[in-house]
Amino acid sequence: MSTHTLPFPFPPSPFTISHSLLAWWDAHRADLPWRQTRDPYAIWVAETMLQQTQIATVIPYYERWMARFPTVADLAAVPLEEVLKLWQGLGYYSRARNLHAAAQTVMQRWGGQMPRRAADLQTLKGIGRYTAGAIASIAFGEATPVLDGNAMRVLTRLTDYAGDVTRSASKNELWQLAATLVPDSRPGDYNQALMELGQQICTPAKPACLLCPLAAHCLAWQRGTQPERPVQSPRPRTPHYDVVAGVIWQNGQIEANERFLIAQRPLHGLLGGLWEFPGGKQEPGETLPEALRREIQEELAIEIAVGEHLTSIKHAYTHFRITLHAFQATHLSGVPQHLGVANHAWVTLAELDDYAFAVTNQKIIATLRQVVPDGVNR
DNA sequence: CACGCGTGGCC
DNA sequence: TGGCCAAGCGT
């Protein structure tokens, strides 16, 4: 049990809280794929996929991943392309790149064994304070805290904490509280119980306080302030952009084994390392075809003629929205196989399956498969 | 330290 | 519908 003092008064003893929580969890814990093992690598993969991502979304990705890369050695041995392909559609692609790089670090620097202590785990790329605590407590039994969005909601309500949790100073106080509460016995179970309480009972809207094992100790429940916790400063409104993409093929009429031009995005930044149909944002005062011609010229140094509109796709990212307009286009002076651009490829419709695309471009591909007649590219 | 980074579900 | 939220991390 940690001996840190709380930054605010909270009478119940840590043992009272952890004991009630563990009793509840033993009766109500969900059966999840990554809970059938103590393999630190499996826990690591699951925790990384679960960052900012819901359980139901993660499960099929986790199953595919563990079937394809059962050990850290398997992961370290494959090229990044294959890793990104398996991560396709899961989002936050730096997680996949970091997992891959850290697997190679584990092989080279740690002799193929995951480090056991939270402090050592946190030196690996993509493993921060939360994930280090999760792996160390669940796989190795270290009495170290975790604090995710769920735990933060539970703890702010339990103590009726009024600080703005978007500020890191507030998060530090809550980490301290979390550390105070972690028991020496079953710390991994306790940490999972804390998060699962936030997921199942202490939900953002309409928490089920009547079913909560901690209600007797909960200051927000006593005061009726659950809806006001946690306190968060509002996010700014999300802007909207119109984006164009060119599906570039050789002739106006589709031929057998028609090839399309795709480009790989830079390894860092938005959708880093993924492939896409080339294009970009529309500037003010530009028509969509004008924007497409300009973007293609800047990116690939070729001139195109913009043809038929194929589809428009609305998509919401976290901080902005786009409408992606896809056009058929043809290269005006024949199709160069080498563009002087490193990360591009001419591929058939069937070969598109080998590349990792973001969801917006997956939708363009789906449209393309309907437009291109059967028998071509098959 | 504030911000960029994906996608899907919910209302 | 747009905004909020989800087992966060790196810079």
Side-chain angles (χ1 to χ4, degrees), chain A residues 29-30 32-35 43-62 84 87-99 101-102 121-135 137-138 145-154 164-172 174-175 178 188 190-200 202-207 227 230 232-240 265-274 276 313-322 324 356-363:
Chain A
R29 56 174 287 180
L32 300 169
W34 44 88
R35 287 193 178 154
I43 307 290
W44 176 27
V45 170
E47 290 299 340
T48 302
M49 288 185 171
L50 284 163
Q51 289 167 11
Q52 300 290 281
T53 310
Q54 301 203 349
I55 291 170
T57 305
V58 165
I59 289 174
Y61 282 89
Y62 174 82
L84 283 175
W87 203 271
Q88 170 178 273
L90 195 55
Y92 285 142
Y93 297 92
S94 66
R95 294 182 294 177
R97 300 193 304 267
N98 289 337
L99 208 42
L121 286 162
Q122 213 177 326
T123 66
L124 294 168
K125 266 192 177 180
I127 299 186
R129 199 172 178 181
Y130 165 79
T131 306
I135 298 170
S137 64
I138 296 169
V146 299
L147 184 73
D148 71 328
N150 289 314
M152 198 145 54
R153 192 168 52 252
V154 172
D164 180 349
V165 298
T166 59
R167 297 176 178 278
S168 51
S170 298
K171 287 201 187 80
N172 284 335
L174 292 165
W175 269 103
Y190 164 82
N191 280 335
Q192 293 178 87
L194 180 63
M195 295 187 285
E196 196 157 336
L197 186 77
Q199 184 214 336
Q200 291 188 24
C202 196
T203 50
K206 296 183 180 179
Q232 283 177 280
S233 48
R235 300 181 189 180
R237 287 230 168 74
T238 58
H240 181 276
R265 299 177 61 90
L267 213 48
H268 298 286
L270 185 72
L271 306 173
L274 297 196
E276 65 181 3
I313 296 150
K314 292 183 183 301
H315 190 74
Y317 294 86
T318 303
H319 296 291
F320 61 95
R321 293 169 182 279
I322 66 165
L324 177 62
F357 291 88
V359 290
T360 50
N361 277 257
Q362 291 176 42
K363 290 176 182 174

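Reminder, nothing fancy here: chain letters follow the sequence lines and each chain counts from 1.
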Under-4.0 Å side-chain N/O to phosphate OP1/OP2 contact, A:Q52 with C:dG8: yes
Could you check if a side-chain atom of A:R97 sits within less than 4.5 angstrom of a side-chain atom of A:H268, using non-hydrogen atoms only? yes
Rounded distance (Å) that lies between atom P of B:dC3 and atom OH of A:Y92: 15 Å
Please tell me if the side chains of A:N150 and A:L197 come closer than 4.5 Å, counting only heavy atoms from C-beta onward. no
From CD of A:Q362 across to C1' of B:dT7 the rounded distance in Å is 11 Å
Tell me: CG of A:L50 to P of B:dG6, nearest whole Å? 17 Å
Would A:Q192 and A:E196 count as having a side-chain donor-acceptor pair, cut-off 3.5 Å? no
Whole angstrom is fine here: how far is it from CZ in A:R95 over to P in B:dC5? 15 Å
Pairwise side-chain contact, A:Y92 with A:Q51, heavy-atom cut-off 4.5 Å (strictly under): no
Please state whether the rings of A:H315 and A:Y317 are parallel, tilted or perpendicular, taking 30° and 60° as the class boundaries. perpendicular
Whole-angstrom distance between B:dG6 and C:dT11, as gauged at atom P: 14 Å
Name the pairs: protein N/O against N/O of nucleotides 8-11 of chain B, kept only if under 3.5 Å.
residue	atom	partner	partner atom	Å
B:dG8	N2	A:Q54	NE2	3.4

Indicate, yes or no, whether a donor-acceptor pair under 3.5 Å links the base of C:dG8 to the side chain of A:Y130. no
Rounded to whole Å, how long is the line connecting atom CZ of A:F320 with atom C1' of B:dC5? 9 Å
Rounded distance in Å - NZ (A:K125) to P (C:dC9): 15 Å
Calculate the interatomic distance between A:H319 atom NE2 and C:dG8 atom C1'; express it in whole Å. 12 Å
Here the gap from A:D164 atom CG to A:K171 atom NZ, rounded to the nearest 0.5 Å, amounts to 8.5 Å
Does A:W34 reach the side chain of A:V58, with side-chain heavy atoms less than 4.5 Å apart? yes
So that I can compare with my own list, what are the stems of DNA chain B, taken as at least three consecutive Watson-Crick or G-U pairs with distances under 3.5 Å? B:2-5 with C:8-11, B:7-11 with C:2-6
What contact category does A:R129 fall into here, base, sugar-phosphate, or nothing, at under 4.0 angstrom with non-hydrogen atoms? sugar-phosphate
Verify, without hydrogens or angle tests, whether A:Q362 (side chain) and A:F357 (backbone) share a donor-acceptor contact under 3.5 angstrom. yes
With the side chain of A:R235 defined as its heavy atoms from C-beta on, choose the nearest nucleotide among B:dG6, C:dC5, B:dG4. C:dC5
I'd like to check A:L99 versus A:W87 (side-chain heavy atoms, cut-off strictly below 4.5 Å). Are they in contact? yes
For C:dA7 and B:dA2, measure between their C1' atoms and round to the nearest Å. 23 Å
Between A:A169 and A:L271, which residue's closest nucleotide on DNA chain B lies nearer the 5′ terminus? A:A169
Side chain of A:L270 - closest among B:dG6, C:dA7, C:dG10: B:dG6
Residue whose closest nucleotide on DNA chain B lies nearer the 5' end, A:Y93 versus A:S168: A:S168
Given DNA chain C, 5'-ward residue of the pair A:P204 and A:L147, judged by closest heavy atom: A:P204
Any side-chain heavy atom of A:L194 sitting closer than 4.5 Å to one from A:V154? yes
In whole Å, I'd like the distance from the CG atom of A:L267 to the P atom of B:dC5. 14 Å
